[in-house]
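Index from 1, following the sequence.
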Amino acid sequence: MAQARVKARSSRRESVFGERFAIFAEALLTGVWIAVACLGVVTYPAAFAAGARHLRRRTRHEAGGWREFVSDFRTAMRGGWVVGLAGWAAAVAVWVDVLAARAGIPGGPFVGAVGILALIGLVVALLRAAALWTPGASWRALLAGAGRRTVLDPAGSFLIVGGLAVVALSAAFIAPLAVPVLGAVAAAAVAVEERYRRR
């Protein structure tokens, strides 16, 4: 009887480990899908939204694969391309701030630092919005809510920043490694939003 209990416990542990490893592997595969979908320059919000939805399906044990990812990506692109364009405009504005800081303009370093922090906050808000995207959802409403949560849940926001730092470091050491890690960032955003929901 005692041996049967020990076997049941060990098989339960193995299945939990196996399930978590499967989710991690799925996140890495999703990172490749996200990277391919991001090739359209302004498509990154839709790519992360489709990736996050795929990972949510996976954690709920729902069916879904590449076809569902592509379908979600196309749907998310309807308003997502505008968000992507606005994101690039914000990045250019921050780049101008950084150039001003380097040029020695009075107050330039402060303005540059504020610009970089604001850009990081926008990226975190975008990832949090993408983590909750569903077909029919308004990007404007998603971003407004995500902006509030980015400020009200600093711990969760720092977790996402940590994920972004891992992508940057991966790219610095071995550039191709940054591709699958994008899925881990999407998974982190999904986990952060789920954590916030359960608070």
K.L.:
Calculate, to the nearest 0.5 Å, the distance between atoms OG1 and CZ belonging to Thr43 and Phe48 respectively.
P.N.:
10.5 Å
K.L.:
Is it true that Trp139 and Trp88 fall in one hydrophobic cluster, defined by side-chain heavy atoms closer than 4.5 Å?
P.N.:
yes
K.L.:
I'd like a table of donor-acceptor pairs (distance under 3.5 Å, sequence neighbours excluded) in which one partner is a side-chain atom from residues 162-174, with atom names and distances.
P.N.:
unit_1: Ser170; atom_1: OG; unit_2: Val166; atom_2: O; d: 2.7

K.L.:
In a check of side-chain contact (heavy atoms from CB on, under 4.5 Å) between Ile120 and each of Thr150, Val161, Val94, which one passes?
P.N.:
Val161
K.L.:
What pairs meet the salt bridge (Lys or Arg N to Asp or Glu O under 4.0 Å) rule with one or both residues in residues 134-161, with sequence neighbours excluded?
P.N.:
Arg128-Asp153, Arg149-Glu193, Asp153-Arg195, Asp153-Arg199
K.L.:
Examine Val181 and Val123 and state if one hydrophobic cluster contains both, with Ile, Leu, Val, Met, Phe, Trp and Tyr joined whenever side-chain heavy atoms are less than 4.5 Å apart.
P.N.:
yes
K.L.:
Is there a side-chain contact between Thr75 and Trp133, using heavy atoms and a 4.5 Å cut-off?
P.N.:
yes
K.L.:
Would you mind checking if Arg57 and Asp72 are paired as a salt bridge, meaning a charged N to carboxylate O distance below 4.0 Å?
P.N.:
yes
K.L.:
Out of the candidates Arg74, Glu68, Arg67, only one should pair with Val70 under the side-chain contact (heavy atoms from CB on, under 4.5 Å) rule; please name it.
P.N.:
Arg74
K.L.:
Under the ring-ring contact (aromatic ring centres under 6.0 Å, His included) test, which residues partner Phe69, sequence neighbours left out?
P.N.:
Trp33, Trp66
K.L.:
Is it the case that one hydrophobic cluster holds both Phe73 and Val83, taking links as side-chain heavy atoms less than 4.5 Å apart, direct or via other members?
P.N.:
yes
K.L.:
How far does CD of Glu26 sit from NE2 of His54, to the nearest 0.5 angstrom?
P.N.:
3.5 Å
